[in-house]
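Shown next, in structure tokens, is the structure this report addresses.
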Amino acid sequence: KGMETQTLCLGDLHYAFCKGCRSCYQTAECVQHDDVQLVLEQMEQADLIAIASPDYWGGITGQLKAFIDRCTPYSRTRRFPWASGGSASP
């Protein structure tokens with residue numbers, strides 16, 4: 001009650017795979033500019049984030065894996081202090 005929710009489907013967004021350039025290790029920013037930045041801006045404003053994925057062949061979807069890889073620059077930063085780890089998976 002009284003909560004605002006938003007659902008995003010990664011399959012509807014446009015974003016590229018991580019290039020593996022490691023520039024983000026120095027700058028904490030990704031060199032690619034696409035829908036990943038839009039999602040991260042929304043995540044930054046959220047009080048709670050729930051991520052769900054179908055289980056294909058014992059793992060998450062390729063779309064979610066690609067998105068997670070693109071979040072590397074934002075792990076353990078002041079922007080996303082919660083990104084230091086932890087999950088609630090069965």
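Through ILVMFWY side-chain contacts below 4.5 Å, Val31 is grouped with nothing and stands alone. Think of Trp57 as one node in a network of Ile, Leu, Val, Met, Phe, Trp and Tyr side chains linked at under 4.5 Å; its network also takes in Tyr56.
Both Phe67 and Leu13 are assigned to one and the same hydrophobic cluster, defined by single-linkage of ILVMFWY side chains at heavy-atom distances under 4.5 Å. The hydrophobic clustering, which links ILVMFWY residues whose side-chain heavy atoms are closer than 4.5 Å, places Ile49 and Val36 together.
Annotation for Gln42 and Gln6: closest pair NE2-NE2, 3.2 Å, computed over non-hydrogen atoms. Residues Gln32 and Cys18 come closest through the heavy atom pair NE2-CA, 4.0 Å.
For the pair Arg70 and Leu40, the minimum side-chain heavy-atom distance is 4.5 Å or more. The shortest distance between side-chain heavy atoms of Met43 and Val39 falls below 4.5 Å.
Screening Ile60, Leu64, Leu8 for a side-chain contact (heavy atoms from CB on, under 4.5 Å) involving Ile51 leaves a single residue, Leu64.
Scanning for side-chain contact (heavy atoms from CB on, under 4.5 Å) contacts around Glu4 gives an empty result, with sequence neighbours left out. Partners of Asp35 under the side chain to side chain donor-acceptor pair (under 3.5 Å) rule, at least two apart in sequence or in another chain, do not exist in this structure.
Screening residues 58-68 for side-chain hydrogen bond (donor to acceptor under 3.5 Å, both in side chains), with sequence neighbours left out, gives Lys65-Asp69. The side-chain hydrogen bond (donor to acceptor under 3.5 Å, both in side chains) analysis of residues 9-26, with sequence neighbours excluded, yields no pairs.
Of the inter-residue distances, the one linking Met3 atom CE with Asp47 atom CG reads 8.5 Å to the nearest 0.5 angstrom.
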